[in-house]
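These numbers come from the heavy atoms of this one structure, side chains and all, not from hydrogens, waters or symmetry mates. A note on names: the letters A, B, ... follow the listed sequences, proteins ahead of strands, and every chain is numbered from 1. All values reported here derive from a predicted model rather than from experimental measurement.
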Amino acid sequence: MTAPMRMSHFFLKTLREAPAEAELPSHQLLLRAGLVMPLAAGLYCFTPLGWRAMRRVEDLVREEMDRSGAQELRLPALQPVELWKRSGRNETFGSVLFRVTDRRERSFVLAPTHEEAISALASSQVQSYRDLPMTLYQFQQKFRDEPRPRGGLIRLREFCMKDAYSFDLDWETLDDSYRAMFQAYTRIFDRAHVPAVPVEADSGAIGGKDSQEFIYLNSNGEDEILLCPSCDYAANAEKATFRAEPPVESDPAEMKKVETPEVRTIANLSTFLGIEERQTVKGVFYEVDSEPVFVAIRGDLEVNETKLRNLLKAIELEPMDDAAVLRTGLVAGSASPVGLEGIRVVADKSVKEAINLVGGANEPGKHILNLNYGRDWTASVVADIALAKAGHRCPNCEGQLEVRSGMELGHVFKLGTSYAEALDVQFLNKEGERRTAVMGCYGIGIDRLLAAILEANHDEDGIVWPRVLAPFDVHVVVLGGDDPEVAQALAQLEAELGETQLEALVDDRDESPGPKFKDADLLGMPIRLTVSPRALSQGGIEFRERSSRESEIVPLEKVIERIQKGTD
RNA sequence: CGGGGUGUAGCUCAGCCAGGUAGAGUGCUUCGUUUGGGACGAAGAGGUCCCCGGUUCGAAUCCGGGCACCCCGACCA
């Protein structure tokens, strides 16, 4: 039971125009509706209205987490750097970690995520198989020194994340914990009216098994997603696999060096020799943790740097610059894995299966015909390191993959034992043997989810809040407040609303009707009630739904009933 | 970190090229009118022209350096 909030006293300023810095619809709405104010790049103040919205989102997520059996707790954001050294992530997170020093010169980090802290807690508390399985979660501010914060609440330097961690006896019971969380996420995005789809995701260098992201497909997203229109295959481009065109069939032939003047690219080469790009092999050079690496891949494909990074367990990986290419003695434009010495060679599986490929001769202006893996050259590792692209064949069916952009709203991930090992989360099983807990982690960015909700729920006039998330349930527009009949009707309405759980925002400002209606549309509460002499003369007050824009006159004594009808 | 753009009133922007009293719309304050879709009239308040330095009699404007913000890329367990 809450007293209605009067707008004349509410700390809120709406903007007629969006500030120039905002490009995305969600960013513009956040600023125009006065939900947030930027403090610095990637840092926002939430106003009372914005904070109400955040809390509604948080409450929805909390409800589903609790329903799944997870238990809420709270971990510190400020953590000793030693914890991060134990997990190895002091190095792997690198410059993304915000670092601070206390008065005694001890080093701390502002946590970007909480696997370390939760593992430390679990380590101290978990002793027996009877303690497991369990899933713990929190809402907590995360800090990441992002290279480029962007898009309002899309990518922040400080943000609120719901992060959950499961601890299991083994991989089998982890499957149950994971499934429960997956279902909770499905319900959350459903109820939040954001069409998020699960896609296969990269699990990074940590190892671990299944990893799925919940992606809201949206042209303003920053992740690239490959989707199969014919089946349900969907994967982040970092992870996506595909079936490459089969190699051209032929019998292995003798290697032969040919003159290829001015030919420096695969496109040139295939035109010059009149062959398909898939009949060539190309070399791509990388600098991996300060070591040169030669990547051999079929000419029609490109290297997926995430796959390569994971394969080599690399921290730093970047294309080699020209100076390093010279220093290493590689011949850009005619590079070949054949006869290379003093450099690690990594090959994509596409070149292992192919027969009689054309590759460089490691001499300018020359190439070699009929290269065959195993006979003429080998690599230290052969793996799938190819980048899936639109038009490639789906790994599961005959469909052609399509590419879309999307926003990562949530991530569920079977972590495995790496953190539990590093931080000693162990227990005794029934047989009295010491075992390491098997972990999962599950995150949802709350601020980003709020942004996605706005992206998915607005029209040209403003926000259209889903009922469960609206900062207020009802927006009351008062016209002609000096009229005694209006004042009396308003008093009665407010009293009745006060008897319910409904939260109301009452626009009692001394404004003309225009701005009041415009603001009501902009702020987007699900139901607008207009108390005015005109409506009263028609027998009640005007009831209007933001989503349908349909309105009707409802007698005062029926209003509460009318509002509650259709509450989801 | 590389490329591009922008910094002038709370917000949107003009003025800068061609140096000379700091502007408009909107918002805000006051008064009056108005009261169903950003209404009308009148009077006001509001400025470190991003910062530092230089050139000049004189700099929002020209020159040098820096900073911030936005976009693209790189990066992003």
Enquirer: Could you tell me how far B:C62 sits from B:C17 if I compare only their P atoms? Round to whole Å.
Expert: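 Here B:C17 and B:C62 have their P atoms 5 Å from each other.
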
Enquirer: Please name the nucleotide paired to B:A14 by Watson-Crick or G-U wobble geometry with both distances under 3.5 Å, or report none.
Expert: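 For B:A14, the partner nucleotide comes out as none, under the 3.5 Å rule.
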
Enquirer: Does anything in residues 36-51 of chain A form a salt bridge (Lys or Arg N to Asp or Glu O under 4.0 Å)? List the pairs, not counting sequence neighbours.
Expert: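 Sorted result for residues 36-51 of chain A: empty, none.
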
Enquirer: Are A:R344 and A:E291 ion-paired here, with the side-chain N under 4.0 Å from a carboxylate O?
Expert: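 No, A:R344 and A:E291 are not salt-bridged.
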
Enquirer: Using a heavy-atom cut-off of under 4.0 Å over every strand shown, decide if A:T530 touches base, sugar-phosphate, or nothing.
Expert: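 The residue A:T530 makes base contact.
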
Enquirer: Closer than 4.0 Å, any side-chain N/O of A:R148 to the OP1 or OP2 of B:C76?
Expert: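 A:R148 to B:C76 OP1/OP2: no side-chain N or O under 4.0 Å.
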
Enquirer: Taking atom P in both B:G37 and B:G32, compute the distance separating them and give it to the nearest angstrom.
Expert: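 24 Å, rounded to whole Å.
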
Enquirer: If I pick the C1' atom on B:G27 and the same atom on B:C11, what distance separates them, to the nearest angstrom?
Expert: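 That atom pair is separated by 7 Å.
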
Enquirer: Go through it in stages, so that I can follow the logic: the residues are A:T417 and A:E421, the test is side chain to side chain donor-acceptor pair (under 3.5 Å), and I'd like the CA-CA distance, side-chain angles, deciding distance and then a yes or no.
Expert: CA-CA 6 Å; A:T417 53; A:E421 267 161 23; 3.3 Å; yes

Enquirer: If pairing requires Watson-Crick or G-U wobble contacts with both distances under 3.5 Å, which nucleotide is the partner of B:G73?
Expert: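 Check on B:G73: paired to B:C1, both distances under 3.5 Å.
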
Enquirer: Using the P atoms only, state how far B:G25 lies from B:C31, rounded to an integer number of Å.
Expert: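 After rounding to an integer number of Å, I get 22 Å for this pair.
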
Enquirer: When the distance from CG of A:L529 to C1' of B:G36 is rounded to whole Å, what number comes out?
Expert: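 Atom CG in A:L529 sits about 15 Å away from atom C1' in B:G36.
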
Enquirer: On a whole-Å scale, what distance lies between the P atoms belonging to B:U6 and B:A77?
Expert: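 Between the two P atoms, the distance is 33 Å.
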
Enquirer: Using a strict 4.0 Å threshold on nitrogen-to-oxygen distance, state whether A:D163 and A:K142 make a salt bridge.
Expert: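 Salt bridge flag = yes for A:K142 with A:D163.
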
Enquirer: Is there a donor in the side chain of A:Y286 and an acceptor in the side chain of A:E305, or the other way round, less than 3.5 Å apart?
Expert: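 Yes.
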
Enquirer: Given the ring of A:Y178, does A:K414 sit roughly above its face, with NZ or CZ under 6.0 Å from the centre of the six-membered ring and within 45° of the axis?
Expert: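 Verdict for A:Y178: a cation-pi partner in A:K414.
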
Enquirer: Classify A:E305 by what it touches in the nucleic acid, base, sugar-phosphate, or nothing, heavy-atom distance under 4.0 Å.
Expert: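 Counting heavy atoms under 4.0 Å across all strands, the contact made by A:E305 is with sugar-phosphate only.
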
Enquirer: So what does A:P19 touch, heavy atoms closer than 4.0 Å: a base, only the sugar-phosphate, or nothing?
Expert: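 Sugar-phosphate only.
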
Enquirer: Please report the interatomic distance CG(A:L387) to CD(A:E238), rounded to the nearest 0.5 Å.
Expert: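 Atom-to-atom, A:L387:CG and A:E238:CD are 10.0 Å apart.
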
Enquirer: Looking at A:E402 and A:K389, is there a salt bridge between them, counting it only when a charged N and a carboxylate O are closer than 4.0 Å?
Expert: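 Looking at A:E402 together with A:K389, the answer is no, because their closest N to O distance does not fall below 4.0 Å.
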
Enquirer: Identify each atom pair where a protein N or O and an N or O of nucleotides 66-70 of chain B are less than 3.5 Å apart, giving names and distance.
Expert:
from: B:C69; atom 1: OP1; to: A:A41; atom 2: N; distance (Å): 3.0

Enquirer: According to a strict under-4.0 Å criterion, is A:R309 in side-chain N/O contact with OP1 or OP2 of B:C76?
Expert: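 For B:C76, OP1 or OP2 has a side-chain N or O of A:R309 closer than 4.0 Å.
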
Enquirer: Between B:G36, B:U12, B:G37, which one does the side chain of A:E542 approach most closely?
Expert: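 When the side chain of A:E542 is considered, B:G36 is the closest of B:G36, B:U12, B:G37.
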
Enquirer: Can you work out whether A:D461 or A:V96 has the more 5'-proximal nearest nucleotide on RNA chain B?
Expert: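 Nearer the 5' end of the strand: A:D461.
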
Enquirer: A:L15 has an atom CG; how far is it from atom P of B:G25, in whole Å?
Expert: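 Rounded to the whole Å, the gap is 19 Å.
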
Enquirer: Which value, in whole Å, describes the distance between the P atoms of nucleotides B:G5 and B:C28?
Expert: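 One P to the other, the span is 36 Å.
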
Enquirer: Paired with B:A39: which nucleotide, if any, by Watson-Crick or G-U wobble criteria at under 3.5 Å for both distances?
Expert: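 Answer to the pairing question: B:U33, which forms a Watson-Crick or G-U pair with B:A39.
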
Enquirer: Output all residues satisfying side-chain hydrogen bond (donor to acceptor under 3.5 Å, both in side chains) with A:E58, sequence neighbours left out; order by chain, then residue number.
Expert: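 side-chain hydrogen bond (donor to acceptor under 3.5 Å, both in side chains) list for A:E58, sorted by chain: A:R62.
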
Enquirer: Just checking, any donor-acceptor pair under 3.5 angstrom between side chains of A:S26 and A:E455?
Expert: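 A pair is found: one side chain offers a donor N or O, the other an acceptor, under 3.5 Å apart.
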
Enquirer: Using the C1' atom as the reference point in each nucleotide, state the distance between B:C16 and B:G23 in Å, no decimals.
Expert: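 After rounding to an integer number of Å, I get 14 Å for this pair.
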
Enquirer: Report yes or no: is the cationic atom of A:R144 (NZ for Lys, CZ for Arg) under 6.0 Å from the centre of the six-membered ring of A:F98, at an angle within 45° of the ring normal?
Expert: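 Pair A:R144/A:F98 does not count as cation-pi.
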
Enquirer: In whole angstrom, give the distance that lies between atom CD of A:E224 and atom P of B:G73.
Expert: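 Rounding to the nearest Å, CD of A:E224 and P of B:G73 are 10 Å apart.
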
Enquirer: Which protein N or O atoms sit under 3.5 Å from an N or O of nucleotides 29-31 of chain B?
Expert:
none

Enquirer: Atom OG1 of A:T241 and atom NE2 of A:H392: how far apart are they, to the nearest 0.5 Å?
Expert: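 A:T241 atom OG1 to A:H392 atom NE2 measures 11.5 Å (nearest 0.5 Å).
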
Enquirer: Tell me which nucleotide, if any, is Watson-Crick or G-U wobble paired with B:U6 when both distances must be under 3.5 Å.
Expert: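 Looking at the geometry, B:U6 pairs with B:A68.
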
Enquirer: Please give, in whole Å, the distance from B:A77 P to A:F143 CZ?
Expert: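 Rounded to the whole Å, the gap is 19 Å.
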
Enquirer: When the C1' atoms of B:G64 and B:A24 are compared, how many Å lie between them, rounded to an integer?
Expert: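 Straight-line distance between the two C1' atoms is 33 Å.
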
Enquirer: Separation of A:E146 atom CD from B:C1 atom C1', in whole Å?
Expert: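 Rounded to the whole Å, the gap is 15 Å.
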
Enquirer: Given that both distances must come in under 3.5 Å, which nucleotide forms a Watson-Crick or G-U wobble pair with B:C49?
Expert: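 Check on B:C49: unpaired, no WC or wobble geometry under 3.5 Å.
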
Enquirer: Round to the nearest Å and state the distance from A:E238 atom CD to B:A74 atom C1'.
Expert: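 One finds 14 Å between C1' of B:A74 and CD of A:E238, rounded.
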
Enquirer: Should the side chain of A:R32 and the base of B:G27 be counted as holding a donor-acceptor pair, with the cut-off at 3.5 Å?
Expert: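 For A:R32, whose side chain was compared with the base of B:G27, there is no donor-acceptor pair (under 3.5 Å).
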
Enquirer: Just how far is it from atom CE of A:M5 to atom CZ of A:F10, taken to the nearest 0.5 Å?
Expert: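 The distance works out to 5.5 Å.
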
Enquirer: So what's B:G44 paired with, Watson-Crick or G-U wobble, going by both distances under 3.5 Å?
Expert: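 The base-pairing partner of B:G44, which may sit in any strand shown, is B:C28.
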
Enquirer: Identify the nucleotide, in any strand shown, that forms a Watson-Crick or G-U wobble pair with B:C57, with both distances under 3.5 Å; if there is none, say none.
Expert: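 Per the H-bond distance test, B:G20.
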
Enquirer: In whole angstroms, how far is the P atom of B:G2 from the CD atom of A:E318?
Expert: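 My rounded result for the distance is 14 Å.
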
Enquirer: Can you name the side-chain hydrogen bond (donor to acceptor under 3.5 Å, both in side chains) partners of A:H475, sequence neighbours left out?
Expert: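 For A:H475 there are no side-chain hydrogen bond (donor to acceptor under 3.5 Å, both in side chains) partners, ignoring immediate neighbours.
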
Enquirer: With nearest nucleotides of RNA chain B determined for A:R155 and A:D510 from heavy-atom distances, which residue corresponds to the more 5′ nucleotide?
Expert: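 The 5'-side residue here is A:D510.
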
Enquirer: Roughly how far, to the nearest 0.5 Å, is the CG atom of A:L449 from the CG atom of A:L454?
Expert: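 If I round to the nearest 0.5 Å, the distance is 9.5 Å.
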
Enquirer: Between B:C76 atom P and A:R89 atom CZ, what is the distance in whole Å?
Expert: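 Between P of B:C76 and CZ of A:R89: 14 Å.
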
Enquirer: Enumerate the protein-to-nucleotides 43-48 of chain B contacts in which both atoms are nitrogen or oxygen and the separation is below 3.5 Å.
Expert:
none

